[in-house]
Amino acid sequence: ATFVADRVGMFMASATASAPVGCTATTIVRVDAFTTIPVAGRPAGTRRDLAARIGMAFVATDDGPWAATRTGWRDLRIGAVGTLVNRNLAAVVVRADEPFFGVNGDESFLVRVRVPDFSSIELLSTPIPAAGDRTVRAMAVPASAAESGDLGPIAVATKDGALLLDGAPDTLAARVIGPVFDGEVDIAVGTTEPVDRGAVWVVDNNQDIRNLARATGAPFAAGAPVMLTPTAVPTALALDDRGASPRLVLCAQDTGVQIFDLGIDWSVRTTLPAPIATLSSVSCLDVAVGGEGDYWVATATSLLRLGPDGTIRYRSTAGDGLGAAALVNVATAWTAATREVWVMTTTGDVFVVASDGP
């Protein structure tokens, strides 16, 4: 069944099965109104990527790192400790509540911003190893680490390869994984216990997707590329690794959304199974994993919330404060009690919606 909310409020959806007779399943769907972040003080440069933690979002721009809260913008380019030299940033992720920014240039570092609150800001460099051209294309952290608050790895797609960063914030160790690629487009990463087992999925400009997998204690090995058709090349990836059988979401403007159940052998998989769900009518620009195992999809006309099986649980409308804004980025953050969804439009406007439960 598919449930699409057309206004703000609390909804109850019920379905009764024909067998066994009288068996009825009921779920509550809550839709809150979006809050618009004030425009005053926002960055004038090109806004390229968005990540979030509870209470704030972080934006990578071609003029440095910025943060947005419900009350306004904060310039993170100059902190109590450190000043950026190369402010041209391409990507951002949040790891254990700290943002890490990737530089849009062949640099030997990522920019880490320590923001316990807005009373002090520390800009720190995280070294990354030499590996061809280290210009950052995209970054990702595992959904499992976001849920637990653990120091999960950071996957980095660069112009000439892929990297993985592990360890405590002050001692991050980076390694080169897989072969040299021809210009990565996006990246997704997942881990299982123990932490040194996982998989990194990378899309490159050769119109294929690669799974760079490693077994416990072993180095990463490059999985065979999974060839995609020219119109199926994803613009964004998401991987929910919190179950025994993780799910990979491919998001593309031309072919919509595809959801894959990767099976228990997901970290060594070299081919994609048939998708369990396809939404070909959706022009997908970005996708993020939600706190309940659902997916938030940014399109040119609306924001969608998809269930793990691809059913549409919510579609934004003018009544919820977001309307028909043309979205380019979506980011999620959650705790046991709070869920937040942050979105950014083509004009640089940022919106946030939060609820006290699923």
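The chain is numbered in sequence order, starting from 1.
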Worksheet entry | Asp106 side chain to Thr135 backbone, donor-acceptor under 3.5 Å | no

Item to complete: State whether the side chain of Trp73 and the backbone N or O of Pro38 hold a donor-acceptor pair below 3.5 Å, judged by distance alone.
Response: yes

Discussion item. According to a hydrophobic-cluster definition based on side-chain heavy atoms being under 4.5 Å apart (Ile, Leu, Val, Met, Phe, Trp, Tyr only), do Leu306 and Ile276 belong together?
Written reply: yes

Discussion item. side-chain contact (heavy atoms from CB on, under 4.5 Å) for Leu50 and Val330? Distances and angles first, verdict last.
Written reply: CA-CA 7 Å; Leu50 178 75; Val330 57; 5.9 Å; no

Worksheet, complete the sentence: Separation between CZ (Phe101) and OG1 (Thr61), nearest 0.5 Å, reads 8.5 Å

Discussion item. Using side-chain contact (heavy atoms from CB on, under 4.5 Å), reason through Ile154 and Phe100 one step at a time and then give a plain yes or no.
Written reply: CA-CA 9 Å; Ile154 301 174; Phe100 290 76; 3.8 Å; yes

Fill in: Cluster check Leu285, Leu327: I/L/V/M/F/W/Y, side chain < 4.5 angstrom
no

Worksheet item: Any chance the side chains of Thr347 and Thr345 put a donor and an acceptor closer than 3.5 Å?
Response: yes

Worksheet item: salt bridge (charged side-chain N to carboxylate O under 4.0 Å, His left out) between Arg242 and Glu147: does it pass, once the steps are laid out?
Response: CA-CA 9 Å; Arg242 291 172 292 178; Glu147 180 166 83; 2.9 Å; yes

Worksheet item: Can you name the residues that form a side chain to side chain donor-acceptor pair (under 3.5 Å) with Thr36, not counting sequence neighbours?
Response: none

Discussion item. Please report the interatomic distance CZ(Phe351) to OG(Ser316), rounded to the nearest 0.5 Å.
Written reply: 10.0 Å

Worksheet item: Does the pair Asp63/Arg77 count as a salt bridge with the N-to-O cut at 4.0 Å?
Response: yes

Worksheet item: Just how far is it from atom OG1 of Thr301 to atom CG of Leu304, taken to the nearest 0.5 Å?
Response: 7.5 Å

Worksheet item: Is there a side-chain contact between Val203 and Leu237 (heavy atoms, below 4.5 Å)?
Response: yes

Worksheet item: Side-chain heavy atoms under 4.5 angstrom apart, residues restricted to Ile, Leu, Val, Met, Phe, Trp, Tyr: same cluster for Leu250 and Trp201?
Response: yes

Worksheet entry | Minimum heavy-atom distance Ala252-Pro234, with the two atoms named | CB-CA, 4.0 Å

Discussion item. Donor-acceptor pair, distance only, cut-off 3.5 Å: does the side chain of Thr332 make one with the backbone of Val289?
Written reply: yes

Discussion item. Could you tell me if the side chain of Arg134 sits less than 4.5 Å from the side chain of Asp160, heavy atoms only?
Written reply: no

Fill in: Contact summary for Asp186 and Ala138, nearest pair of heavy atoms
OD1-CB, 3.2 Å

Worksheet item: For the side-chain contact (heavy atoms from CB on, under 4.5 Å) test, which of Val353, Val328, Leu322, Asn329 pairs with Val343?
Response: Leu322

Worksheet, complete the sentence: Rounding to 0.5 Å, atoms CZ (Arg53) and CZ (Arg95) come to a distance of 14.5 Å

Worksheet entry | Asp241 side chain vs Thr191 backbone, donor-acceptor pair below 3.5 Å | yes

Discussion item. If the threshold is 4.0 Å, N to carboxylate O, is there a salt bridge linking Arg114 and Glu98?
Written reply: yes

Worksheet item: When clusters are formed by joining ILVMFWY residues with side-chain heavy atoms under 4.5 Å apart, either directly or through shared neighbours, do Val141 and Val136 land in the same one?
Response: yes

Discussion item. Is any side-chain heavy atom of Val341 closer than 4.5 Å to one of Leu303?
Written reply: yes

Worksheet item: Roughly how far apart are Tyr295 OH and Leu279 CG, rounded to 0.5 Å?
Response: 12.0 Å

Worksheet item: Could you walk me through whether Val39 and Asp349 pass the side-chain contact (heavy atoms from CB on, under 4.5 Å) check?
Response: CA-CA 7 Å; Val39 174; Asp349 293 316; 3.9 Å; yes

Worksheet item: Can a donor-acceptor pair be found between the side chains of Asp320 and Tyr314 at a distance below 3.5 Å?
Response: yes

Response to the item:
Of all heavy-atom pairs linking Trp66 and Gly41, the shortest is CZ3-O, 3.4 Å

Practice prompt. State which residue, out of Leu110, Ile128, Val189, Ile187, fulfils the side-chain contact (heavy atoms from CB on, under 4.5 Å) condition with Val156.
Written response: Leu110

Worksheet item: Can you tell me if Thr338 uses its side chain to pair, donor with acceptor, with the backbone of Trp334 under 3.5 Å?
Response: no

Worksheet item: Do Thr126 and Arg112 have side-chain atoms, one donor and one acceptor, less than 3.5 Å apart?
Response: no

Practice prompt. List the atom of Cys284, the atom of Gly256, and the distance in Å for their closest heavy-atom pair.
Written response: CB-O, 4.0 Å

Practice prompt. Please answer: with hydrophobic residues joined when any side-chain heavy atoms are less than 4.5 Å apart, are Met139 and Leu124 in the same cluster?
Written response: no

Discussion item. Quick check: closest heavy atoms across Pro142 and Gly190, and the distance to 0.1 Å?
Written reply: CB-CA, 4.1 Å

Worksheet entry | Flag, side chain of Thr69 to backbone of Thr71, donor-acceptor distance under 3.5 Å | yes

Discussion item. Let's go through Phe58 and Val113 carefully: what are the C-alpha distance in whole Å and the side-chain angles of both, what is the deciding distance for side-chain contact (heavy atoms from CB on, under 4.5 Å) to 0.1 Å, and is it a yes or a no?
Written reply: CA-CA 10 Å; Phe58 300 96; Val113 182; 5.8 Å; no

Item to complete: Verify, without hydrogens or angle tests, whether Asn104 (side chain) and Asn88 (backbone) share a donor-acceptor contact under 3.5 angstrom.
Response: no

Discussion item. Would you compute the distance between atom CD of Glu122 and atom CG of Leu76 and round it to the nearest 0.5 angstrom?
Written reply: 12.5 Å

Worksheet entry | Side-chain donor or acceptor of Asp261 paired with backbone N/O of Gly263 under 3.5 Å | yes

Fill in: salt bridge (charged side-chain N to carboxylate O under 4.0 Å, His left out) between Arg247 and Asp240, intermediate numbers included
CA-CA 5 Å; Arg247 294 191 172 178; Asp240 189 355; over 6 Å; no

Worksheet item: How about Asn211 and Val202: do any of their side-chain heavy atoms sit closer than 4.5 Å?
Response: no

Item to complete: Kindly give the heavy-atom pair with the smallest separation between Val94 and Ala51, and that separation in Å.
Response: CG2-CB, 3.8 Å

Worksheet item: Would you say the side-chain atoms of Arg47 pair up with the backbone N or O of Pro43, donor to acceptor, closer than 3.5 Å?
Response: yes

Discussion item. Is the shortest side-chain heavy-atom distance between Val352 and Ile37 below 4.5 Å?
Written reply: yes

Worksheet item: Are any of the side-chain heavy atoms of Pro275 and Ile259 separated by less than 4.5 Å?
Response: no

Worksheet item: With no hydrogens and no angle check, is any side-chain donor or acceptor of Asp49 less than 3.5 Å from a backbone partner on Val92?
Response: yes

Worksheet item: Does Arg87 come within less than 4.0 Å of Asp62, counting only side-chain N to carboxylate O?
Response: no

